[in-house]
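To start, the structure under review is shown below, and the notes come after it.
Each residue takes its place number in the sequence, starting with 1. Start at 1 and go down the list; that is how both ligands and their atoms are numbered. Because the structure is a prediction, the values reported are computed rather than measured. What's counted below: heavy atoms across the whole structure, side chains too, no hydrogens, waters or symmetry copies.
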Amino acid sequence: MNTINRRDFIKLMGITTAAVATPTLGRAAGGSMAPQVVVVGHGFAGSTVAKYLRMWSNQSIDVTVVDPNASHVSCVMSNLVVNGRLGLSDITFEHALLQQQYGVQFIQDTVIGVENNSVLLASGGEPLAYDYLVLAPGIGFEIDDYADLDFAQTPHAWIAGEQTTILKQQLDAVSAGGTVVMTVPKAPYRCPPGPYERACVIADMMKRKGAEGQGGKVVVLDMNPKIIVEEHMFSTAFNGIYGNIIQYIPNVTSIDDVHSASKTITFTENGVSQQLNADVLNFIPVQKAGKIIEDLELNTVDDRWADINPVSYELNAGGDIFVIGDSSGGANVSKQPKSGHMANSQAKVCADAIIRKIAGQDLYATERISNITTNSACYSPITLNTATWLTAGFYYDIGLGKMLPVQASLGQAELHSNDHYEDMFEWSGALLSDTFM
Ligand SMILES: Cc1cc2nc3c(=O)[nH]c(=O)nc-3n(C[C@H](O)[C@H](O)[C@H](O)COP(=O)(O)OP(=O)(O)OC[C@H]3O[C@@H](n4cnc5c(N)ncnc54)[C@H](O)[C@@H]3O)c2cc1C
C-alpha cells in the first residue's frame with residue numbers, strides 16, 4: 001500500500017510544533033511559587049515534553065528532568081552506527097543543550113520510587129517534589145527466564161550506546177563464512193520495522209565481506225507469524241538482494257534459552273524445539289515499559305504497559321501522573337507505534353494538557369479534542385546507500401474516545417532507493433533537533 005507519494009510524505013512528516021493550539025501562560029506573579037513538573041527520562045519523549053513545557057508556558061513552569069545519563073544516545077539512526085556510516089557521537093545529545101536553551105533543570109540520577117508527590121532518587125538525595133509527574137522511561141526487557149544471558153556477550157543493541165558499539169565490534173570481527181542469529185520480539189515492541197531493518201543492515205555487512213561465496217548466513221528468528229510491517233519491502237529484500245544470506249524463520253513461539261558464553265539460542269518453532277549456534281547472537285528480547293513503571297505497579301496493560309488517556313497522556317487512574325513514549329499503552333492508544341517520532345508527538349499533546357490544567361482550562365473543550373493528532377515515521381536503511389520509509393498519522397475520535405489512524409496518512413515506500421536514503425537524514429535531522437535542541 002502506498003496511499004501517499006514521497007513528496008506528500010516529506011511535507012506530512014515535517015515535525016509539527018503544535019498538536020493543538022496551546023494557551024500561553026503568564027509568568028507567576030512575584031513571589032508565588034511556579035508549578036513544578038518532574039520528568040523521568042531524557043529520551044525522545046522526556047526531552048520533548050520538557051522543552052515544550054518551558055517554551056509553551058513562557059518559562060513559567062519549572063521543569064526538572066532526571067536521567068542516569070548526562071547525554072542520550074538516540075536509537076533512531078543507530079543501525080547506521082552498526083554499519084559504520086555514522087559514529088556514536090553523531091547520535092549523542094547532551095542534556096546541557098536543553099538547560100542552556102530553555103532553562104530545563106537536570107539531575108543525573110535514577111528515579112526509584114514515588115511517595116507523597118515526590119520522586120525518590122537512587123543516590124539517596126533529597127526527594128524531588130512535583131505538582132505534575134511525567135514518566136518517560138522507555139522500555140524494559142522480559143528476560144527473567146534466561147539465567148545464562150549476558151548482554152555484554154550477546155548484545156540486544158535495542159537501547160543505543162555501549163550496546164550498539166558491542167554489536168558493531170562483533171559484526172566487524174565475524175568472518176565472511178560466519179553465522180549471525182538475531183531475533184524479532186513479539187509485537188508490540190520499540191520500532192516495528194527496526195528488527196527487519198537490522199537484518200538488512202547485517203546482511204549487507206556480511207554481503208560486503210563476501211558471505212555469498214563463503215556460506216555466511218543471517219538467521220532471523222521472528223516471534224510473529226510474519227513480517228509485521230512493510231512486508232512487501234522486507235520480504236523482497238530478504239528473498240532478493242539478500243536471498244543467499246538471510247534465512248527467515250517466522251512463527252517462533254518461544255525463545256526458550258539463551259546461553260551467551262557459547263552464543264547458543266534454543267527456540268520453539270511450530271511446536272518443535274531447535275537449537276542454533278552463532279558467531280554473533282543479536283538477541284532482541286520481548287519488551288515492556290521501563291522498570292520504574294513496573295516498580296510503581298503502573299504496568300496494568302497486559303502486565304507490560306501503562307494505561308493512559310490519549311487526551312493528555314495522564315494515567316487513566318489519574319493522580320497527575322503522565323506516561324509518554326514507549327512505556328505508554330492501553331486500548332485508547334490504539335495502534336500508535338512505539339517510535340521516537342511518536343514519542344515526540346505524544347510529548348507535545350502531554351505538554352499542552354499540563355499547561356491547560358495549570359491554566360484551569362477544560363482539556364475536553366471541542367476546539368482542543370477535535371485537533372489532537374499524533375504521527376510517526378520510521379526510515380530503514382536497506383543497503384549502505386539506500387533506505388525505505390513507513391508513516392502513520394492518528395487523530396482523536398471524539399465518539400470512540402480513542403486514537404484512530406488517519407487513513408490518508410498511512411504510507412510506505414514501494415522500494416528502497418538512494419533518494420529515500422538522502423531523505424532519511426533530512427527527516428532525522430528535523431526530529432533530533434526538535435527533540436534534543
Ligand atoms: C534500531 C532502532 C531504530 C529505530 N528507528 C526509529 C525510526 O526510524 N523512527 C522512530 O521514530 N523511532 C525509531 N526507533 C524507536 C525509538 O528509538 C524509540 O521509540 C524512542 O526512543 C522512544 O522514546 P522514549 O522516550 O519512550 O524512550 P527513550 O528514548 O529510550 O528514553 C528513555 C530514557 O529514560 C531514562 N530512564 C529510564 N528509567 C529511568 C529512571 N528510573 N530514572 C531516570 N531515567 C530513566 C533512560 O536512561 C532514557 O534516557 C528505533 C529504535 C531502534 C532500537
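- Taking 4.0 Å as the cut-off, Pro68 counts as a neighbour of ligand 1 on heavy-atom distance.
- The environment of NZ in Lys291 is sparse: at most 12 heavy-atom neighbours from other residues, nucleotides or ligands sit within 6.0 Å.
- Nearest protein heavy-atom neighbour of atom 31 (O) of ligand 1: Gly43 CA, 3.2 Å.
- Of the protein's heavy atoms, Pro137 CA, 4.1 Å lies nearest to atom 36 (N) of ligand 1.
- Panel note: side chain Asn116, backbone Ser118; no donor-acceptor pair is recorded below 3.5 Å.
- The two atoms that bring Val286 and Lys186 nearest to each other are CG2-N, 4.1 Å, heavy atoms only.
- Relative orientation of the Tyr379 and Trp427 rings is tilted, given thresholds of 30° and 60° on the angle between their planes.
- Taking each heavy atom of Asp279 and Val174 in turn, the nearest pair found is CB-CG2, 3.6 Å.
- With a 4.0 Å cut-off on non-hydrogen atoms, Trp427 touches ligand 1 through its side chain and not its backbone.
- Remark: minimum distance from atom 30 (O) of ligand 1 to any protein heavy atom is reached at Arg190 NH2, 2.7 Å.
- When heavy-atom distances to ligand 1 are checked against a 4.0 Å cut-off, Thr110 comes that close through both its backbone and its side chain.
- Scanning all protein heavy atoms for the shortest distance to atom 42 (N) of ligand 1 gives Val111 N, 2.9 Å.
- Proximity annotation for atom 4 (C) of ligand 1: of Ala343, Cys191, Gly113, Cys191 comes nearest, heavy atoms only.
- In terms of protein heavy-atom proximity, atom 32 (C) of ligand 1 is nearest to Ala136 O, 3.4 Å.
- Contact annotation: Ser78 has at least one heavy atom less than 4.0 Å from an atom of ligand 1.
- A side chain to side chain donor-acceptor pair (under 3.5 Å) with Thr388 is found for exactly one of Glu414, Glu230, Glu197, namely Glu230.
- The option with the heavy atom closest to atom 51 (C) of ligand 1, from among Cys75, Ala157, Ser47, is Cys75.
- Between Lys348 and Asp434, the shortest heavy-atom distance links the atoms NZ-OD2, 2.7 Å.
- Taking 4.0 Å as the cut-off, Trp389 does not count as a neighbour of ligand 1 on heavy-atom distance.
- Closest protein heavy atom to atom 29 (O) of ligand 1: Phe44 N, 3.2 Å.
- Contact annotation for Trp158 and ligand 1: heavy atoms of both the backbone and the side chain come within less than 4.0 Å of the ligand.
- Stacking of Lys338 on the aromatic ring of Trp305 is recorded, both the 6.0 Å distance cut-off and the 45° axial limit being met.
- In terms of protein heavy-atom proximity, atom 25 (O) of ligand 1 is nearest to Ala45 N, 2.8 Å.
- Comparing Gly340, Ala377, Ser339 by heavy-atom distance to atom 9 (N) of ligand 1, the nearest is Ala377.
- By the 4.5 Å heavy-atom criterion applied to side chains, Pro337 and Tyr189 are not counted as neighbours.
- Aromatic pair Phe283/His156: ring centres not closer than 6.0 Å.
- Taking the charged nitrogens against the carboxylate oxygens, Asp397 and Lys402 have no contact shorter than 4.0 Å, which rules out a salt bridge.
- Contacts between His72 and ligand 1, counted as non-hydrogen atom pairs separated by less than 4.0 Å, involve the side chain only.
- Ligand 1 lies out of reach of Ser376, whose nearest heavy atom is not under 4.0 Å from it.
- Here the closest non-hydrogen pair linking Tyr313 and Gln346 is OH-CG, 3.3 Å.
- Remark: ligand 1 and Glu197 share no N or O pair separated by less than 3.5 Å (distance only, no angle test).
- In summary, the aromatic rings of Phe238 and Tyr248 are positioned with their centroids under 6.0 Å apart.
- The protein non-hydrogen atom at the shortest distance from atom 46 (C) of ligand 1 is Asp67 OD2, 3.4 Å.
- Against a heavy-atom cut-off of under 4.0 Å, Asn69 is close to the following atoms of ligand 1: 47 (O).
- Of the heavy atoms in Ile159, none comes closer than 4.0 Å to ligand 1.
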